[in-house]
Amino acid sequence: METSDVTASDAPSAVGTVRRDSAAGRLTLLSALRADAARNASLPPAAAEIGQDAPSSAVPADPLDEIGGSGAEDLKRMDGRAETYFFSDLYMTRAYASYLYRLAEKDLVGLVVETVREDSRLYPRPTPLDFFRGPPFTLAQDQLDDILTRIREREDCRDIRECRASNGARYLYSTLHLTVAHAEALTEWNEVGQAENP
Amino acid sequence: MSQIFGWTGKILRVDLSTGKTSIDDTMKYKDFIGGEGIGYKILWDEVPAGTHPYDPANKLILGAGPLCGSGVPCSGRTTIVSLLPTSPFHGPGSSHMGGYFSVEMKYAGWDAIVLEGKAPKPVWIRIEDNKVKIEDARWMWGKGIFDTMAMISSQMGKEAQVAAIGPAGENQLNMAVIRTGTSHSAGGHGGILGAKNVKAVAVKGTGSVKIAAEKAKVQELDKFMMSIIGANNQMVVPSHPQPWAEFNSPGSRWTGRPGLFWGAANPPVETGVCDPKDMQSVGFRTQKAVFDLGAGAEKYTVRMGGCAHCPIRCHSQLKVPQLEKYGMDPYVSNTCVGWSGPRGVMAAGGGIKEFDGNGADSSVVGNGIGTTMVDDLGVWCNYGQIGRDVKWFHEKGVFKRVLPAEEYASIPWDLLLKGDPRFLIDFYDRVAHKKGELWHIADGSAWIAQRWGLGDDYWDHKDNKLWTRGGYPVHHSNESAGQVGALISCFTNRDAQNHTHQNFIGSQLPIAIQKEIAGEIFGSPDALDPPQNYTRMNEFKARFVKWALVRGRLHDSLTLCNWMWPMAVSPLKERKYRGDTSLEAQFFSAVTGVTKTEAELDKDAERVVTLFRALTVRAMGTVDMRGKHDAMNKWIYTPDKKDGKEIPQFTKGTIQMEKDDLDKGLGMVYKQFGWDEKTGAPTKAGLEAIGLKDVADELGSKGLLPA
Ligand code: SF4
């Protein structure tokens, strides 16, 4: 088997890493970029550089410098409580990045509430609870039950309501954008009516 | 003769009474485009008013359009035109099938096949390029469609494309199909083949469709089309969030995503990300098995199939080994109503439930049983009406009242009520073979209402979904953009089968974007209301209706798939989700060499719409289309109730229409077409202006022009 040593010149750039991660459907963590930079700085210099004035131990480059530079305008930053996230809007939409951000920040109440509000406003449509069980959320039913309990307890989530289709499917909607009657009718249509009228 | 592109230039006529065949010139029909347009022109010219659909004087036209066989995406559809047995006045109508039949027909050199007269004994028609033979079908008569296809293929080879009927068609059941391929059924005209003693038409061609434009031009158009195409029904956002997608919709047919497979493929195939910029994954976007049958169908999915020259592939092809237990082939395929139609019969018992030890897979197995039965016997569901009728007749005691006691007692109602789909085996056998009295359920609603003495409660019950007394049901009606879908449903003699508006509103894009695009096409965003939040009728909605009707006829004439076309929207953010509504005209011009603008081609299709209307006037023998044809059943404009209180129309959450508003809407649509606003019949001036002077003359001579 052929092997090759990784050298500093092979090391991925921070911008490239973010783009690659976005294309693969992942956010990039600043902490991960910094760890990469530190690892790269400790790598032996590339063969071509031997004999040149390479420092014996390099200072790791700050990925933020590279990301803030020109040619990286597609990279977007999202600051979390303890972590900073990046994505490239060439490969990932802001909407998708926002989903991943809330998941990463474990802000599951925010994830559900903001998604439901946005669906009720934009399309408009109520959001099936099952939506959060599928990718990229893959929340378990007990997690969802817990989130719903917390939503019910929060004063600032009073607009989030639940309704059921005649087949028992559960949906959420926001009264900021949908009336009760409208949400109930859309729920029934989306869940039952549509399938009967392909 | 100068070279013809797109069309083959020839129509095959088969006189079944004499056994003679002849060739007709397609180009004399070029003002009617092809497919459906040619079919209606032949009906107008050659089938006298008052002809019974099963009379030898009726004709059946299997038609293709100039784009069929050219490689234009989604151009593999066949349009069949004839009188409709289910119609109470035997009006004209078209039925459609996908697959590969029409493409093969074009390769054999024919734009259409016209079946005339009646064969003295059962026959099938063998077409190999310009060789046409009427063959003895005695060995096939009585057989199901699967065996029939196998018998013909064993003689002609597997390249032959077969359109065949089953026992339902042979027995002249009004609700019978003509089927091609494994799962492509044209509903409503199967009985006419049966009446003509034709079991099947099989065709094999070695030619090609000649294209006028340079290869590069067609490739460029093709590439552009592939860049703006979405998933099935031109849904342009995915069902689950994906990195590339700004929007999503759980109701989208763009189900392809990482982690979702064609699970029975060997090895299983992951549908994957399906980025809209990746043309190679277009065929993975629509994992239709899980959309139609639920998540449980994933592991049974071998692949997606579909029609010739279609990158979308909306027919699920499954391997369900459990079907062998019921004597059926484990391979089963269908799409949309091909599944839900037969399954709908089980609604009376609350749908398919766990049965016969099939556990959680009962639904997939049950769907397989239903679709295998109807696809083999060739029974049509009248867009799901058969299931709603079974439910109503069972619940209201109609069956008990009209079926002889012995027959009633012999029907396994217990299976129906238990949700055991083995009921379907018994049910469809009785229906297709016209056993007892029950089979009359397949006469169609208009006829059965007469025979079984069904009153206003049948027609006016909301869940029965019957649109007019013409006996056909909703098909993207008031639930689809309010008055737009509602009015579209009035200009037909069977379920409207019009996806033009449905593909537009079903794109699943946010309403603001949809309204912007509607504004660009119809002159105002008011052409489109948000879902279940309707406003009153306006001029722009009338334009939307006209556009949908015109494009529906255009697609069925070109022949393009109206379950994909037109390309009003796209999945591309950089195009602001706009598609291109001129693509049909661009492809038409490139393929045929006859340069037409979008407006000019729409005008040709408008001629087809108007001819269809004239045929309906002639068949009904009245100009009072508004009162006698377009009048909608009451449930459509009866307010819903909640807690005993009426929910007013045009408030959020109700799709109920208002009679005055619909009447006004009809007038506005008539005006759009230049028809008489009072009666809805085409006028002399309007007919002449659109190139139908001969039609005007004949209607005039019959007193069928509005005053
Ligand atoms: S979308 Fe479906 S029906 Fe239309 S051409 Fe493709 S496979 Fe056929």
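Letters A, B, ... are given to chains in the order of the sequence lines, protein chains preceding strands, and every chain is numbered from 1. Reckoned from all heavy atoms, side chains included, excluding hydrogens, waters and symmetry mates. Remember, predicted model here, so these are calculated numbers, not experimental data.
- When each of A:Leu186, A:Thr179, A:Asn190 is checked for heavy-atom pairs under 4.5 Å with chain B, A:Leu186 comes out on top.
- Residue A:Thr127 does not touch chain B at all, counting heavy-atom pairs closer than 4.5 Å.
- With a threshold of 4.5 angstrom between heavy atoms, B:Ser239 approaches chain A through N, CA, C or O but not through any side-chain atom.
- With rounding to the nearest 0.5 Å, the separation of CD in B:Gln532 from CD in A:Glu188 is 9.5 Å.
- When each of B:Gly251, B:Gly387, B:Cys336, B:Gly506 is checked for heavy-atom pairs under 4.5 Å with chain A, B:Cys336 comes out on top.
- Judged by distance alone, with hydrogens and angles left aside, the side-chain atoms of B:His240 form no donor-acceptor pair with the main-chain N or O of A:Phe131 at under 3.5 Å.
- Heavy atoms of A:Arg125 lying under 4.5 Å from chain B belong exclusively to its side chain.
- Options B:His475, B:Lys573, B:Gln242 differ in how many heavy-atom pairs under 4.5 Å they form with chain A, and the most are formed by B:Gln242.
- With a 4.5 angstrom heavy-atom cutoff, A:Tyr91 touches chain B only via backbone atoms.
- With a threshold of 4.5 angstrom between heavy atoms, A:Pro124 approaches chain B through its backbone and through its side chain.
- With a 4.5 Å cut-off on non-hydrogen atoms, B:Ile647 does not touch chain A at all.
- Taking CD of B:Glu479 as the start and CH2 of A:Trp189 as the end, the distance is 4.0 Å to the nearest 0.5 Å.
- The most heavy-atom pairs under 4.5 Å with chain B, out of A:Ala195, A:Ala183, A:Gly193, A:Pro135, come from A:Pro135.
- Of the two parts of B:Lys465, only the side chain, counted from C-beta on, holds a non-hydrogen atom closer than 4.5 Å to a non-hydrogen atom of chain A.
- Contact of A:Phe137 with chain B is made through the side chain alone, with heavy-atom distances under 4.5 Å.
- Within the model, atoms CD of A:Gln194 and CZ of B:Phe291 stand 6.0 Å from one another, a figure rounded to the nearest 0.5 Å.
- Contacts between B:Val273 and chain A at a heavy-atom distance below 4.5 Å are absent for every atom of the residue.
- Of all the listed residues (A:Asp130, A:Leu178, A:Thr93), the one sharing the greatest number of non-hydrogen pairs under 4.5 Å with chain B is A:Thr93.
- Residue B:Asn248 touches chain A through both its backbone and its side chain, counting heavy-atom pairs closer than 4.5 Å.
- Closest heavy-atom contact between B:Gly653 and A:Ala185: O-CB, 3.1 Å.
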